[in-house]
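Notes follow once the structure below has been shown.
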Amino acid sequence: MTALLGTLGVGIALVGAIGALASLILALGSGRNERHSRAFFWIAIMVSGCVVAVVAMEVALLTDDFSLDYVTSNSTKSTPILYKFATLWGALEGSLLLWALVLCVYVSAVSLSFRDQISDRLVAWALLTMLAICVFFFGLLAGPADPFGTLSTPPVDGDGLNPLLRNHPLMAIHPVMLYFGYVGFTVPFSFAIAALVTGRLGEGWLMSTRVWTLIAWGSLSLGVLLGAWWSYEVLGWGGYWAWDPVENASFLPWLTGTAFIHSVIVQERRGMLRVWNLSLLLATFALTIFGTFLTRSGVIESVHEFSASSLGPLLLGFFAVILVVSVALVGWRGDQLRSPGSIDSPLSREGSFLANNLLFALFAFIVLLGTVFPLIVEAINGDQIAVGRPYFDRMLLPIGITLLLVMGLAPLLTWRSTSRQVLATRALGPAACGAVVMGAAVVMGAEGLGPVLGIGLGGFVIGAALRHLMLACRRNGWRGLTGRSGGGMVAHVGVSLLAFGFIASTAFSEQGEFQLRPGEMASVAGHQITFVELTDAMDGPNRVVRAVIDVEGRGRYSPAITQYPTFGRPISTPSVATSFVDDVYLSLIAIPEKGSDSVVIRVLIEPLVAWIWVGGLVVGLGTLLAVVPFRGSRGRRREEQAVTEQAS
Amino acid sequence: MKRYHRISWLLILVIVAGALVGSVLADDPPATEAERAYEIKATILCPVCDGQNVLESNAPVAAAIRAQVDDLVAEGRTDEEIRTWMARQYGSDVNANPPRSGVGALVWMLPVLVGVVASGLLAFAFAKWRSGREIEPSEEDIRIVQALREKN
């Protein structure tokens with residue numbers, strides 16, 4: 001029953017998407033304005049169909065309907081209800097259904113907010129592009145990635161998800177957030193395509209999509225960070241970022257997207273960098289599809305990998321279409337994209353944005369190269385090589401440090417050009433802030449040129465951001481925190497906090513591995529831990545072994561290790577004693593042998609990790625503030641003027 | 001620049017230089033065998049676990065490799081010898097660092113090349129913009145500006 005309903009839902013959605021696309025094409029062809037709004041009827045059908053399909057899948061998951069192949073392969077009766085719900089995005093077909101749902105949310109939101117401008121060719125073309133993307137995704141769901149395949153003889157119970165995907169509530173949020181980011185870039189991408197097609201290449205389309213881009217960027221940032229947090233809390237190796245291909249796939253669009261939200265300011269202000277900005281936006285969207293291809297085709301080995309499927313060629317084909325269309329359009333409009341104006345001095349706000357873009361583009365290039373390089377080498381001469389964390393650390397460290405420097409300098413520079421004297425005066429406070437932070441770090445035991453330089457520059461960035469915010473708030477009160485510059489500076493503070501956490505936890509972590517019997521103690525980096533007792537119990541079909549450990553001054557923590565009957569290797573679940581100074585990360589190495597009461601515990605001391613998550617929150621807050629339209633004193637005055645003029 | 005500005009900048013410079021020198025001095029190369037073994041383990045990937053290194057992995061083979069690294073370090077083998085040994089034993093893709101010779105070396109060289117070319121192009125663009133800027137204002141420009149000035 002649910003299978004039928006779901007299949008019907010996907011079918012209706014596909015028909016709706018095709019209908020909406022066709023009606024827009026016909027309306028654009030006829031040139032009659034009143035016809036455009038017919039698309040809304042079809043969009044409503046598409047959205048309803050998608051909702052029906054998602055609801056059908058959720059009902060099947062929550063009611064253990066094992067007649068569905070998807071439910072059998074990815075859920076069990078014993079799965080807790082939250083994870084049953086989240087199983088929608090736990091595997092390939094369901095995650096594409098979520099993708100389609102999020103796409104429908106964005107299409108609806110765009111339709112609603114532009115409903116009065118639908119006869120505008122720019123808006124119509126943007127909507128048309130979005131709908132074409134909808135047709136592709138619903139087409140996948142209707143055929144090659146059908147989530148509603150049935151089994152002729154339903155089993156009594158299902159196989160369940162990989163246990164790693166059902167032991168932390170972040171599993172319910174991280175993918176959704178990530179998809180809102182990924183899919184969100186469809187909106188600015190579609191407007192960019194529309195601008196190219198209609199030839200309205202001024203700054204109008206940028207203004208229309210400003211908020212959408214920020215929402216997509218903010219969601220992607222939080223999604224990526226929540227993934228890192230999930231990895232830290234669940235995987236048990238004590239890290240949060242492994243430069244795993246799939247992590248890289250989510251990071252690549254973030255990098256180009258971040259470059260875009262900075263360089264777009266130059267275009268809005270000076271009308272320059274048009275080709276570059278379009279390319280960044282097109283690349284960002286193309287990279288989200290490329291990332292989807294990497295994750296869902298089985299070409300790359302990764303902990304995130306979805307089962308290998310026939311989707312690979314389809315996604316790669318879609319990626320190629322996007323690339324060809326984008327490049328062709330930019331080439332076709334090339335002469336109109338040539339920008340007037342020029343940049344007067346490298347020592348200027350726009351100069352710093354250019355430097356930012358150069359660095360982000362290089363950063364993205366290295367991440368992309370490192371990710372696909374093993375595939376390239378294997379294709380060339382059959383050699384198996386790995387490109388691991390040491391490579392990324394070494395290559396990206398200098399770029400990261402230079403980025404921090406530019407991040408601190410940019411808000412101090414004026415547009416057009418900045419004299420040395422002005423810069424020296426403005427930079428004094430922030431530089432002092434950086435020097436104090438750097439000195440303090442060394443006094444507290446930080447070592448190594450790279451880490452100390454990074455921490456000092458982080459202090460410099462915070463100083464520069466606070467200087468900007470203080471000046472803005474003095475002029476405009478709390479409104480100084482809003483708008484793109486206010487919110488942007490708050491986000492910069494967040495990035496610096498994140499950098500502190502990242503640098504300290506990577507460079508200054510210490511670890512120890514101990515075999516302990518109850519009552520025995522061990523110590524790492526000044527932290528004393530005592531192994532209190534071992535509990536060994538069955539939780540349903542799963543054997544759960546817990547070690548109760550007393551961390552001096554922090555309380556009792558119990559890392560566990562679980563043997564699932566349906567999954568070979570036992571899964572270790574770490575336990576973390578968090579503080580703002582450092583985390584004590586405890587994990588069990590192996591299930592203790594029968595009859596033995598000793599355990600092998602790995603203890604990791606990671607300084608300042610908590611600041612990564614705090615920094616992420618601050619970045620999110622900054623994005624929200626940036627979405628709030630800035631109305632400074634000048635804006636208010638203009639408004640008051642308008643009111644008085646009306647009154648008289 | 002005011003005098004106290006100069007002094008402040010000097011002070012900042014002294015603190016930064018001191019901190020950087022301190023950070024370099026404190027960062028000594030691995031002294032003990034255990035430290036050296038630790039650094040080697042961080043660059044050897046566990047062959048069965050998709051990208052985790054042997055320090056982080058709980059897999060039995062990772063534990064075996066950890067023990068082997070300890071043994072080889074105790075025997076007095078060099079880092080390079082140990083890595084070659086591991087590559088022969090478990091395949092060349094256990095080395096987290098891509099090779100520095102052959103096709104594999106491209107992964108190290110390409111980013112540098114791209115970075116240099118991109119920076120060069122940007123510098124060239126700045127130079128071009130700068131030269132393009134030196135246009136003399138025409139007489140009419142000057143007249144308009146003067147008219148505006150008088151008006152105010």
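Convention: sequence-line order gives letters A, B, ...; per-chain numbering from 1. Since this is a predicted model, take the numbers as computed values, not measurements.
With hydrogens and angles ignored, the 3.5 Å screen pairs a side-chain donor or acceptor of B:Trp9 with a backbone N or O of A:Ala424. Under a 3.5 Å cut-off, the side chain of A:Tyr391 and the backbone N or O of B:Val107 do form a donor-acceptor pair.
Both the backbone and the side chain of B:Asn97 come within contact range of chain A, each with at least one heavy atom under 4.5 Å from a heavy atom of that chain. Contacts between A:Phe365 and chain B at a heavy-atom distance below 4.5 Å involve the side chain alone, from C-beta outward. Residue A:Ile376: no heavy atom, backbone or side chain, is found under 4.5 Å from chain B. Interface residue A:Met395: only side-chain heavy atoms are found under 4.5 Å from chain B. Residue A:Ala431 touches chain B through both its backbone and its side chain, counting heavy-atom pairs closer than 4.5 Å. Within the 4.5 angstrom heavy-atom criterion, atoms from both the backbone and the side chain of B:Leu110 approach chain A. Heavy atoms closer than 4.5 Å to chain B are found nowhere in A:Ala441, neither backbone nor side chain. Proximity to chain A (any heavy atom under 4.5 Å) is shown, for B:Leu11, by neither the backbone nor the side chain. Proximity to chain A involves both the backbone and the side chain of B:Pro111, based on heavy atoms less than 4.5 angstrom apart. Of the two parts of A:Ile385, the backbone and the side chain both hold a non-hydrogen atom closer than 4.5 Å to a non-hydrogen atom of chain B. For A:Leu362, the part lying under 4.5 angstrom from a heavy atom of chain B is the side chain only.
To the nearest 0.5 Å, atoms CG (A:Leu358) and OG (B:Ser119) are separated by 5.0 Å. For the atom pair B:Ile12 CD1 and A:Phe460 CZ, the distance stands at 9.5 Å (nearest 0.5 Å). Here the straight-line distance linking atom CD1 of B:Ile15 with atom CE of A:Met438 works out to 10.5 Å at 0.5 Å rounding. Taking OG of B:Ser92 as the reference point, atom CD of A:Gln384 lies at 6.5 Å (rounded to 0.5 Å). To the nearest 0.5 Å, atoms CZ (A:Phe373) and CG (B:Leu106) are separated by 5.0 Å.
Within 6.0 Å of CD on B:Glu139 lie no more than 12 heavy atoms contributed by other residues, nucleotides or ligands. Residue-environment remark: CZ (B:Arg100) exceeds the threshold of 12 foreign heavy atoms within 6.0 Å.
Top candidate by heavy-atom pairs under 4.5 Å with chain B, chosen from A:Ile366, A:Leu428, A:Leu359, is A:Leu428. No other option in A:Val436, A:Val387, A:Val600 has as many heavy-atom pairs under 4.5 Å with chain B as A:Val387. Counting heavy-atom pairs closer than 4.5 Å to chain B, the top-ranked of the candidates A:Ala432, A:Ala242, A:Ala440, A:Pro570 is A:Ala432. For the set A:Glu447, A:Arg394, A:Glu513, the entry with the most heavy-atom pairs within less than 4.5 Å of chain B is A:Glu447. Counting heavy-atom pairs closer than 4.5 Å to chain A, the top-ranked of the candidates B:Leu55, B:Asn53, B:Leu45, B:Leu121 is B:Leu55.
The shortest heavy-atom contact between A:Val452 and B:Ala19 is CG1-O, 4.3 Å. Annotation for A:Pro390 and B:Ala42: closest pair CG-O, 4.4 Å, computed over non-hydrogen atoms.
Contact check on B:Glu56 versus A:Arg602 returns no salt bridge, with no Lys/Arg side-chain nitrogen under 4.0 Å from an Asp/Glu carboxylate oxygen.
Between B:Asp93 and A:Pro374 there is no side-chain heavy-atom pair separated by less than 4.5 Å.
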Any chance you could lay out the side-chain contact (heavy atoms from CB on, under 4.5 Å) test for A:Leu449 and B:Leu20, step after step, and finish with the verdict?
CA-CA 6 Å; A:Leu449 191 60; B:Leu20 289 179; 3.8 Å; yes
